[in-house]
Amino acid sequence: MVALTLALTLPVLLAGCVGGPPPAPRPVRTATTWNPRAAPDSRMCLANLSQKYANFTPLPDQYYGAGCSAVGAVRIASLRSDGGMLQISNLGPVTCPLASTLSGWARFGVDRAARAILGSPLVRIETMGSYACRTVAGTSRLSAHASANAVDVSGFVLADGRRITVLRDWDSENPQIRAFIATIRTSACKRFGTVLSPEYNAAHRDHFHLEVGSGRPFCQ
């Protein structure tokens, strides 16, 4: 009789297990913010930039849509020269590799050329900006500015008060100024991946476009 009772109740118990309510699902975790540590090469770049070249503030990674971003970027407060600090105007976010290259060029290329050729140290570099979400003129290809990997440099101010601009002085009648402009462009071509000057086209008549990159170097 006991065996018969178990035989009759066991299927009911099993049916209850199978047809019972399923276990409550685990809540899905969604991350609203994610701040990963910088990669080793990025940390090394920031350390070198701090020790040798510039005063700066690291910036959080920014993604603006349409393929535009500023990742691993910094904001430069000032640069260093052999004799002190160099101011830099109108500069937005730049990637750390660009900041490092720009800072080295400012100190070893521009400041030293100003001292040697013009007899006065550099005190300020004037720019037309860095990051901008835009394409290369006349194309659908994103500019290096769209990833904070380019800066447009327009002028230089010396300690003796002289101000030299690409627009006015590219074809200066003063041979020393022409030599200075030519020397710093040559120095830039040795450091940056792409350098565009008034020699390239009319759109660059008033500035040097300087960008970093891993592609084939281009200087004109």
Side-chain angles (χ1 to χ4, degrees), residues 41-42 44-56 72-131 143-145 147-159 162-167 169-170 176-200 204 206-220:
D41 56 343
S42 297
M44 183 176 295
C45 179
L46 293 173
N48 289 338
L49 186 63
S50 176
Q51 292 173 5
K52 298 180 181 179
Y53 298 127
N55 293 329
F56 66 93
V74 301
R75 186 176 299 278
I76 296 177
S78 60
L79 308 175
R80 297 181 187 176
S81 67
D82 289 340
M85 303 306 298
L86 303 174
Q87 300 303 311
I88 187 161
S89 65
N90 198 40
L91 188 66
V94 293
T95 61
C96 184
L98 175 58
S100 181
T101 305
L102 176 66
S103 300
W105 176 67
R107 179 175 183 175
F108 303 114
V110 185
D111 180 51
R112 291 187 179 181
R115 293 169 184 267
I117 299 172
L118 301 177
S120 180
L122 180 73
V123 294
R124 185 170 75 246
I125 291 179
E126 299 176 339
T127 84
M128 300 170 69
S130 51
Y131 171 80
S143 165
H145 287 285
S147 56
N149 274 311
V151 59
D152 293 336
V153 173
S154 58
F156 311 88
V157 178
L158 307 184
R162 280 180 289 175
R163 180 172 175 262
I164 298 169
T165 69
V166 176
L167 178 62
D169 297 311
W170 176 257
Q176 288 181 313
I177 293 178
R178 287 201 313 272
F180 169 72
I181 291 285
T183 298
I184 62 175
R185 193 191 75 155
T186 299
S187 175
C189 292
K190 294 177 180 179
R191 295 173 179 273
F192 295 91
T194 297
V195 176
L196 305 178
S197 71
E199 190 175 279
Y200 180 60
H204 294 83
D206 57 357
H207 68 276
F208 293 147
H209 169 92
L210 310 174
E211 74 178 70
V212 294
S214 57
R216 184 176 180 181
F218 183 82
C219 176
Q220 190 169 345

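All values derive from a computational prediction rather than experimental measurement. Worth knowing before you read on, the calculation uses all heavy atoms, side chains too, and leaves out hydrogens, waters and symmetry mates.
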Practice item. Look at atom CZ of F108 and say whether more than 12 heavy atoms of other residues, nucleotides or ligands are closer to it than 6.0 Å. Key: yes
Review point. Would you say R162's side chain and L118's backbone share a donor-acceptor pair under 3.5 angstrom?
Key: yes
Exercise for review: Would you name the heavy atoms of I125 and F156 that are closest together and state the gap between them?
Suggested key: CG1-CD2, 4.1 Å
**Study point:** Evaluation steps, side chain to side chain contact (heavy atoms under 4.5 Å, CB included), between R80 and N55
**Key:** CA-CA 8 Å; R80 297 181 187 176; N55 293 329; 3.7 Å; yes
Practice item. Spell out, as yes or no, whether a donor-acceptor pair under 3.5 Å connects the side chain of H145 to the backbone of S130. Key: yes
Practice item. Determine yes or no for a side-chain-to-main-chain donor-acceptor pair under 3.5 angstrom, with D111 supplying the side chain and L122 the backbone. Key: yes
Study note, to complete from the structure: Heavy-atom nearest pair, R185 first then S197, reads NH1-OG, 3.0 Å
**Study point:** Counterpart residues, salt bridge (charged side-chain N to carboxylate O under 4.0 Å, His left out), relative to D82 (two or more places apart)
**Key:** R107, R112
Review point. Sequence neighbours excluded, which residues qualify as side-chain hydrogen bond (donor to acceptor under 3.5 Å, both in side chains) partners of R75?
Key: none
**Study point:** Separation of R178 CZ from D169 CG (nearest 0.5 Å)
**Key:** 11.0 Å
Revision key, fill the gap. Between the CD1 atom in I181 and the CD1 atom in I164, the distance rounded to the nearest 0.5 Å is 6.0 Å
Practice item. Considering non-hydrogen atoms only, spot the tightest contact between P97 and V212 and give its length. Key: O-CG1, 4.2 Å
Exercise for review: Identify the two heavy atoms, one from A54 and one from S103, that lie closest to each other, and give their separation to 0.1 Å.
Suggested key: CB-OG, 3.8 Å
Review point. Roughly how far, to the nearest 0.5 Å, is CD of E211 from OG1 of T194?
Key: 4.0 Å
Name each donor-acceptor pair under 3.5 Å that joins a side chain in residues 85-95 to protein atoms two or more places apart or in another chain, with its distance.
from : atom 1 : to   : atom 2 : distance (Å)
N90  : ND2    : T127 : O      : 3.3
T95  : OG1    : L98  : N      : 3.4
T95  : OG1    : N149 : OD1    : 2.8

Review point. So, does S100 use its side chain to make a donor-acceptor pair with the main chain of C96 at under 3.5 Å?
Key: no
Exercise for review: Check whether any side-chain N or O of W105 sits under 3.5 Å from a backbone N or O of I184 as a donor-acceptor pair, and report yes or no.
Suggested key: yes
Review point. Can you say whether the rings of H204 and H207 are parallel (under 30°), tilted (30 to 60°) or perpendicular (over 60°)?
Key: tilted
Check your understanding: Shortest non-hydrogen contact from V74 to A99?
Key -> CG2-CB, 3.8 Å
Review point. What distance do S147 atom OG and Y131 atom OH have between them, rounded to the nearest 0.5 Å?
Key: 9.0 Å
Exercise for review: Nearest 0.5 Å please: distance from the CG atom of L210 over to the CG atom of D152.
Suggested key: 7.5 Å
Practice item. Say whether, by atom type as modelled, one donor and one acceptor occur between the side chain of R124 and the main chain of G155 under 3.5 angstrom. Key: no
**Study point:** Under 3.5 Å: donor-acceptor pair, side chain of T186, backbone of A182
**Key:** yes
Revision key, fill the gap. All heavy atoms of F208 vs all of P198, minimum pair found to be CE2-CD, 4.1 Å
Exercise for review: Ignoring hydrogens and angles, state whether a donor on the side chain of S154 or D206 is under 3.5 Å from an acceptor on the partner side chain.
Suggested key: no
Review point. To the nearest 0.5 Å, what is the distance between NE2 (H209) and CD (Q220)?
Key: 13.0 Å
